[in-house]
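The structure appears below as structure tokens.
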Amino acid sequence: MRDSGGWKPTAYRSHTIGDVTSGGADMIGEEVTISGYAETVRGRGAICFLMLRDGTGRIQAFLKRDNMDETVFDSIQSATRESTIQVTGTVAQKRPPKVPEGEPLPPPEYEVSVTSAAVLADAATPLPVGVTDEVNVGLDVRLDNRHLDLRREHVNAMFQLRSKVLQYGRNHLITEGFQEINTPKIIAAAAEGGTNLFPMKYFETDAYLSQSPQLYKQLAVLGGLERVFEIGPAFRAEKHDTYRHLNEFISFDIEGAWMNDEDVMGVQERMIHHIWSEVAANDQGLIDVVNEYRESQGQDPVSVEVPNIPFPRIPYCDAIEIVKAGGGDIEWGDDIESHHCDIIAAEYPGFHFLPRWPMSMKPFYIHHKEEEKGSSGGQLSRGFDLNYGRDEMTSGGQREHRVDVLEQNLRNMGLEPEDFNFYTDGFRYGAPPHAGWGLGVARLLMVLTGAGNVREVVLFPRDRSRVTP
RNA sequence: GCCCCGAUGGUGUAGUGGCCUAUCAUGCAGCCCUGUCGAGGCUGCGACCCGGGUUCAAAUCCCGGUCGGGGCGCCA
């Protein structure tokens with residue numbers, strides 16, 4: 001539940017439910033108007049117990065037929081679960097529940113003794129997904145009814161955590177001098193090559209949805225903005241169907257001038273350290289809610305363990321040796337696949353960087369130093385990944401700032417430099433060496449919340465077969 | 001794109017050719033009781049994905065379709 005300290009009264013309530021549950025001791029006898037969803041409606045006689053929930057808490061409203069208009073009383077008494085109801089009444093201390101002999105009474109709680117009420121909107125029955133029911137609901141049904149799914153406390157908590165993670169990450173970057181930018185999501189041509197783009201019509205012109213802000217954030221840095229970040233959508237028309245892929249996802253990107261790969265790895269580990277520290281300091285309550293649910297499902301609780309920095313760096317060449325030693329079938333030059341990551345994760349279970357990948361496996365804009373060669377003689381790059389366990393969180397690197405090398409890289413990868421003039425022109429008039437990365441927000445949230453599927457932490461996910469709601 | 005698996009009331013499930021006019025929970029409707037509090041008690045409602053086939057007999061076996069899940073590839 002959210003802390004509503006500082007919230008102003010609105011047309012539909014004088015107080016939040018959280019105000020009353022937390023400040024009830026000083027409010028006894030005070031008249032309040034609160035609004036919320038009807039979680040349960042008990043009582044069929046002269047009295048009625050209405051459990052109301054808003055985003056800040058839940059509280060019992062106590063109704064007596066004698067104390068109010070009978071028609072209104074009946075309308076509340078027959079209200080369906082999840083209907084929205086507004087009540088006005090006085091704050092009172094709740095009568096303590098019966099407890100078994102010898103057990104201590106719980107701390108005092110407060111309720112609202114109702115004098116007038118109104119059903120604001122009826123909920124149809126039955127609910128397609130139960131909000132408080134003790135039955136598991138499949139993810140697909142939940143996503144079809146996300147508006148109701150979000151009313152479940154642990155789901156709500158996960159999205160509050162998502163907002164916090166973005167807030168803390170953003171704050172940290174700002175303290176390091178990064179400024180927030182926005183780049184276009186409608187682009188004219190293949191931005192990077194590689195993955196498939198969603199085509200679209202831009203008036204009479206063929207256009208695409210952007211797969212990454214990569215080239216544009218580089219142009220911003222070349223233009224002298226020094227340090228930039230963007231939190232925005234990226235679109236990939238890949239027909240994957242896994243727990244960690246979506247066709248639309250939010251990418252947390254940075255790019256900084258006068259930096260190399262090691263510099264931006266530093267930014268990243270400091271940012272993640274800051275996010276984890278802040279969550280541990282401020283948001284344990286949200287983690288507790290998630291854990292309560294996990295426990296009810298027989299899952300282990302998650303704990304917010306602030307990772308030590310610096311994170312381990314396992315250069316590609318070393319990673320290959322670790323995989324080989326662990327029995328993996330891999331050669332220098334091969335991609336490190338998920339099952340290989342399992343072997344590495346056994347040794348490095350937390351966050352770890354995998355720097356210095358072969359140039360042949362990295363995009364054209366990644367920088368390389370000619371003298372840096374792998375164990376088998378292949379050209380190394382200044383590209384890196386950040387993994388957590390088996391999952392890739394980030395891809396980043398120092399960028400190629402020498403325009404002649406950049407154009408040669410394009411040719412090496414079968415691309416036409418002329419097609420990238422909008423980009424390469426940015427390098428023709430002096431270009432600072434620079435570096436950056438892109439982080440999958442939902443993947444980071446999976447680590448923090450223990451979610452087993454990115455869809456859990458994305459409001460309205462877009463995957464291979466889902467475009468609605 | 002490849003490989004596996006699955007589909008039973010609103011939701012989550014039991015079911016392994018006849019014991020299925022289909023189990024349990026939750027839900028919903030109604031009644032009783034009640035300053036309740038994970039309320040309780042009683043009664044009722046509600047389902048075998050679609051189309052073919054095998055069989056005396058199909059929720060169950062076979063084929064096709066649709067939808068969903070998992071894994072891989074690729075990536076964030």
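Please read all numbers here as calculations on a predicted model, not as lab measurements. Below, chain A is the first sequence line, B the second, and so on; all start at residue 1.
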Mate of [N] where both pairing distances stay under 3.5 Å, Watson-Crick or G-U:
| N | answer |
| --- | --- |
| G10(B) | U26(B) |
| G64(B) | C50(B) |
| C31(B) | G41(B) |
| G1(B) | C72(B) |
| C56(B) | G18(B) |

Proximal nucleotide (of [options]) relative to the [X] side chain:
| X | options | value |
| --- | --- | --- |
| Leu246(A) | G35(B), A76(B), C28(B) | A76(B) |
| Arg244(A) | G68(B), C74(B), U36(B) | C74(B) |
| Asp133(A) | G10(B), A76(B), C72(B) | G10(B) |
| Phe249(A) | G35(B), G10(B), A76(B) | A76(B) |
| Glu392(A) | C72(B), U36(B), A76(B) | A76(B) |
| Arg81(A) | A76(B), C28(B), G35(B) | C28(B) |
| Arg464(A) | C37(B), A29(B), G1(B) | G1(B) |

Restricting both atoms to N or O, compile the protein contacts to nucleotides 41-50 of chain B shorter than 3.5 Å, with distance only.
none

Taking C-beta and beyond as the side chain, do Cys48(A) and Arg42(A) meet within less than 4.5 Å on heavy atoms? no
For [N], does either OP1 or OP2 sit under 4.0 Å from a side-chain N or O belonging to [X]?
| X | N | answer |
| --- | --- | --- |
| Ser395(A) | A76(B) | yes |
| Asn387(A) | A76(B) | no |
| Ser465(A) | G68(B) | yes |
| Arg443(A) | A76(B) | no |
| Arg390(A) | C72(B) | yes |

Is it the case that [X] and [Y] place a side-chain donor and acceptor less than 3.5 Å from each other?
| X | Y | result |
| --- | --- | --- |
| Glu295(A) | Asn291(A) | no |
| Thr90(A) | Glu30(A) | no |
| Thr33(A) | Gln86(A) | no |

Please state how far atom [atom1] in [X] lies from atom [atom2] in [N], giving the value in whole angstrom units.
| X | N | atom1 | atom2 | answer |
| --- | --- | --- | --- | --- |
| Met271(A) | A76(B) | CE | P | 16 Å |
| Gln268(A) | A76(B) | CD | P | 12 Å |
| Phe353(A) | A76(B) | CZ | C1' | 14 Å |
| Asp66(A) | G35(B) | CG | P | 13 Å |
| Leu52(A) | C37(B) | CG | P | 19 Å |
| Leu197(A) | C75(B) | CG | P | 14 Å |
| Arg42(A) | A39(B) | CZ | P | 4 Å |
| Gln211(A) | C75(B) | CD | P | 11 Å |

Do Glu456(A) and Arg162(A) sit within salt-bridge range, that is, some charged N less than 4.0 Å from a carboxylate O? no
Can you check nucleotides 11-15 of chain B for protein contacts, nitrogen or oxygen pairs under 3.5 Å, and list what you find?
{"from": "G12(B)", "atom 1": "OP1", "to": "Gly138(A)", "atom 2": "N", "distance (Å)": "3.0"}
{"from": "G12(B)", "atom 1": "O4'", "to": "Asn136(A)", "atom 2": "O", "distance (Å)": "2.8"}

Which part of the nucleic acid, if any, lies within contact of [X], taking any heavy atom under 4.0 Å across all strands shown: a base, the sugar-phosphate backbone alone, or nothing?
| X | value |
| --- | --- |
| Pro96(A) | base |
| Ile250(A) | nothing |
| Glu337(A) | sugar-phosphate |
| Phe62(A) | base |
| Asp391(A) | nothing |

Base C72(B) paired with His339(A) side chain (donor-acceptor, <3.5 Å): no
Could you tell me whether the side chain of Glu111(A) has a donor or acceptor atom within less than 3.5 Å of a complementary atom in the base of G35(B)? yes
For nucleotides [N] and [M], find the distance between their [atom1] atoms and express it as a whole number of Å.
| N | M | atom1 | result |
| --- | --- | --- | --- |
| A59(B) | A14(B) | C1' | 12 Å |
| C63(B) | C2(B) | C1' | 23 Å |
| G51(B) | C45(B) | C1' | 30 Å |
| A25(B) | U36(B) | P | 26 Å |
| U60(B) | C20(B) | C1' | 11 Å |
| U26(B) | G46(B) | C1' | 13 Å |
| U23(B) | G18(B) | P | 16 Å |
| G68(B) | G12(B) | C1' | 16 Å |

Are more than 12 heavy atoms, taken from residues, nucleotides or ligands other than Phe249(A), located less than 6.0 Å from that residue's CZ atom? yes
Does Glu31(A), at its CD atom, have more than 12 non-hydrogen atoms belonging to other residues, nucleotides or ligands within less than 6.0 Å? yes
Comparing His245(A) and Lys64(A) on RNA chain B - which has the more 5′ nearest nucleotide: Lys64(A)
Along RNA chain B (nearest heavy atom to each residue), the more 5'-positioned of Gly438(A) and Arg466(A): Arg466(A)
So which of Phe353(A), Tyr348(A), Phe384(A) actually passes ring pair (Phe, Tyr, Trp, His ring centres under 6.0 Å) with Phe311(A)? Phe353(A)
Looking at every non-hydrogen atom in both residues, tell me the closest pair between Lys362(A) and Ser381(A) and how far apart they are. CG-OG, 3.6 Å
Between Phe198(A) and Tyr208(A), does the ring centroid distance fall short of 6.0 Å? no
Exactly one candidate in Arg399(A), His434(A), Glu400(A) meets side-chain hydrogen bond (donor to acceptor under 3.5 Å, both in side chains) with Gln218(A); the answer is His434(A)
N/O donor-acceptor pair under 3.5 Å between Asp69(A) side chain and Val72(A) backbone: yes
Parallel under 30°, tilted from 30 to 60°, perpendicular over 60°: which one fits the rings of Phe252(A) and Trp437(A)? tilted
Please work out whether the ring planes of Phe351(A) and Trp276(A) are parallel, tilted or perpendicular, with thresholds of 30° and 60°. perpendicular
